[in-house]
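Single-structure report; data block below.
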Amino acid sequence: MLRLDKYLSDSGKYTRSESSRLIRQGKVTADGVVIRDPAIKVDESTVRVAVDGITVSYSKYNYLMLNKPQGTVCTTDSGDERSVMQLVPKYYSGRGAFPCGRLDIDTTGLVIITDDGPLAHALLSPKHHCEKKYRFSCISLTDDQIKLLENGLEFSDFTSKPCSVDRMSPQSGTITITEGKYHQIKRMFLAVGSEITELERISFAGIDIDTSLGRGEWRELTDDEINILHKNAAQGIS
Ligand code: URA
């Protein structure tokens, strides 16, 4: 059970004070009945709340996808002017949202931002083998180098797991990995004698980047996308 004004503000559409105002103005119904007291408690798992007749769904957590531009960093420090958190409304940092995983400053593409700590933790856990797909450009890549990348490589601090590489041209393709070590793909390419010149994440844990988003643009995840993340986190695979 939670207060009606909290239910409304958790929907992400209204601040807590806007929610209280709308309730006092008699614009909010719970199961079809006008409620004018913001402190009235509702059962968030069953109640149907509407504002001006339009249903508002309760969301305990927020989930966004951002198309990260170059020059930004995946830090939770929303005061850092290069932080990806600067690209989404302050409301989300205020709710405790953070980027789920890190991309390098010069890597672009899909970043999931959420305040769902348990989900982010599950997706980022090394045990979960969550798939991440990247589009790359590189100086050049031969069949032999692809085989080496795909089989796994030994570094001083870790051994990369088998992965898949699809080459589109001698200088470009996609790579799907199930880990997230620091500079992992760049290090893998250097280890086989190539070099990444551009890297863009196009998929994460079963969610593809929305190609209608320009760099620096974001949108909320759809219910289907949120379900995919939960399913992948629960299964430990994606
Ligand atoms: N691998 C890298 O080298 N950099 C990234 O940003 C992501 C994966």
Side-chain angles (χ1 to χ4, degrees), residues 64-77 80-88 98-113 120 123-219 232 237-238:
L64 313 178
M65 75 159 68
L66 168 75
N67 185 346
K68 177 188 177 297
Q70 281 199 341
T72 55
V73 290
C74 292
T75 167
T76 47
D77 177 6
D80 181 337
E81 62 184 21
R82 299 169 312 163
S83 171
V84 291
M85 295 309 294
Q86 294 276 353
L87 297 169
V88 302
F98 57 92
C100 182
R102 285 177 185 245
L103 293 179
D104 296 339
I105 189 164
D106 54 351
T107 301
T108 58
L110 177 61
V111 176
I112 301 292
I113 293 174
L123 291 173
L124 296 175
S125 157
K127 286 190 221 126
H128 272 81
H129 310 305
C130 149
E131 281 192 352
K132 297 131 192 140
K133 187 171 183 180
Y134 296 81
R135 199 186 335 260
F136 64 82
S137 300
C138 63
I139 52 171
S140 75
L141 199 62
T142 63
D143 286 344
D144 287 346
Q145 288 170 316
I146 290 181
K147 273 191 206 116
L148 290 172
L149 288 171
E150 287 188 326
N151 288 341
L153 297 157
E154 224 179 289
F155 295 91
S156 58
D157 51 340
F158 81 107
T159 302
S160 62
K161 294 205 166 65
C163 67
S164 72
V165 178
D166 287 312
R167 195 173 40 188
M168 278 146 26
S169 78
Q171 287 89 28
S172 66
T174 61
I175 177 167
T176 305
I177 61 173
T178 56
E179 306 156 284
K181 297 280 190 298
Y182 187 57
H183 291 334
Q184 176 158 343
I185 296 174
K186 290 175 186 160
R187 289 175 69 193
M188 288 168 69
F189 274 65
L190 286 176
V192 301
S194 179
E195 190 178 336
I196 289 286
T197 53
E198 255 184 69
L199 197 57
E200 176 191 19
R201 185 154 69 189
I202 55 174
S203 173
F204 175 85
I207 306 294
D208 292 335
I209 192 158
D210 182 336
T211 52
S212 71
L213 292 177
R215 296 270 187 250
E217 291 182 348
W218 64 277
R219 69 158 169 79
N232 286 335
I237 51 156
S238 59

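These numbers were taken from a predicted model, which means no experiment stands behind them. Throughout, residue positions are numbered sequentially from 1 according to the sequence presented.
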Within 45 degrees of the axis of the six-membered ring of F158 and under 6.0 Å from its centre: does K181 put its NZ or CZ there? yes

Contact check, side chains of L124 and C100, non-hydrogen atoms, under 4.5 Å: yes

Are the side chains of E179 and P126 in touch, meaning some heavy atoms are under 4.5 Å apart? no

Going from CZ on F136 to CG on L199, what distance comes out if it is rounded to the nearest 0.5 angstrom? 9.5 Å

In the structure I gave you, are the side-chain heavy atoms of L190 and E195 within less than 4.5 Å of one another anywhere? yes

Say whether, by atom type as modelled, one donor and one acceptor occur between the side chain of K161 and the main chain of T178 under 3.5 angstrom. no

Tell me whether T174 contacts the main-chain N or O of Y134 through its side chain, where contact means a donor paired with an acceptor under 3.5 Å. no

Atom pair SG (C163) and CD (E131), whose distance is rounded to the nearest 0.5 Å: 10.5 Å

Report yes if some heavy atom in the side chain of T159 is under 4.5 Å from a heavy atom in the side chain of L153; otherwise report no. no

Please report the interatomic distance CD1(I146) to OG(S164), rounded to the nearest 0.5 Å. 10.5 Å

May I have the step-by-step check of side chain to side chain contact (heavy atoms under 4.5 Å, CB included) for F204 and L123, ending in yes or no? CA-CA 9 Å; F204 175 85; L123 291 173; 4.1 Å; yes

Start with the C-alpha distance between I113 and M85, add both sets of side-chain angles, then the distance that settles side chain to side chain contact (heavy atoms under 4.5 Å, CB included), and finish with yes or no. CA-CA 8 Å; I113 293 174; M85 295 309 294; 3.9 Å; yes

Nearest heavy-atom pair of Q70 and D106: which atoms, and what distance? NE2-O, 3.1 Å

Checking N232 side chain against A205 main chain: does a donor-acceptor pair fall under 3.5 Å? yes

Non-hydrogen side-chain atoms of R219 and L213 separated by less than 4.5 Å: yes

Let's go through N67 and I209 carefully: what are the C-alpha distance in whole Å and the side-chain angles of both, what is the deciding distance for side chain to side chain contact (heavy atoms under 4.5 Å, CB included) to 0.1 Å, and is it a yes or a no? CA-CA 7 Å; N67 185 346; I209 192 158; 3.8 Å; yes

Identify the heavy atoms of G109 and R215 that sit nearest to each other, and give their distance. N-NH1, 4.0 Å

Sub-4.5 Å side-chain heavy-atom contact between D80 and V73: yes

Take D210 and S212 through the test side chain to side chain donor-acceptor pair (under 3.5 Å) and record every step on the way to the result. CA-CA 5 Å; D210 182 336; S212 71; 2.7 Å; yes

Are the side chain of T197 and the backbone of S137 linked by a donor-acceptor contact shorter than 3.5 Å? yes

Below 4.0 angstrom, N of the basic side chain to O of the carboxylate: do D208 and K133 qualify? no

Within this structure, what is the CD1-SG distance for the pair I196 and C138, rounded to the nearest 0.5 Å? 6.0 Å

Donor-acceptor under 3.5 Å (Q145 side chain, V192 main chain): yes

Any side-chain heavy atom of L149 sitting closer than 4.5 Å to one from L141? yes

Can you list the steps and then say if R167 with S172 is a side chain to side chain contact (heavy atoms under 4.5 Å, CB included)? CA-CA 6 Å; R167 195 173 40 188; S172 66; over 6 Å; no

With no hydrogens and no angle check, is any side-chain donor or acceptor of E150 less than 3.5 Å from a backbone partner on K147? no

My understanding is that only one of E200, K68, R135, E198 makes a side-chain contact (heavy atoms from CB on, under 4.5 Å) with T108; could you say which? E200

Could you tell me whether D104 and R201 make a salt bridge, using a distance below 4.0 angstrom between a side-chain N and a carboxylate O? no

Less than 4.5 Å apart, side chain to side chain, heavy atoms only: is that true for M65 and V111? no

Output yes when a side-chain donor or acceptor of Q86 lies under 3.5 Å from a complementary backbone atom of S83, and no otherwise. no

Residues L103 and C74: closest non-hydrogen pair is N-SG, 3.4 Å

Can you tell me how far the CD1 atom of I177 sits from the CD1 atom of I185, to the nearest 0.5 Å? 4.0 Å

Can you tell me how far OG1 of T72 sits from CG of L66, rounded to the nearest 0.5 angstrom? 7.0 Å

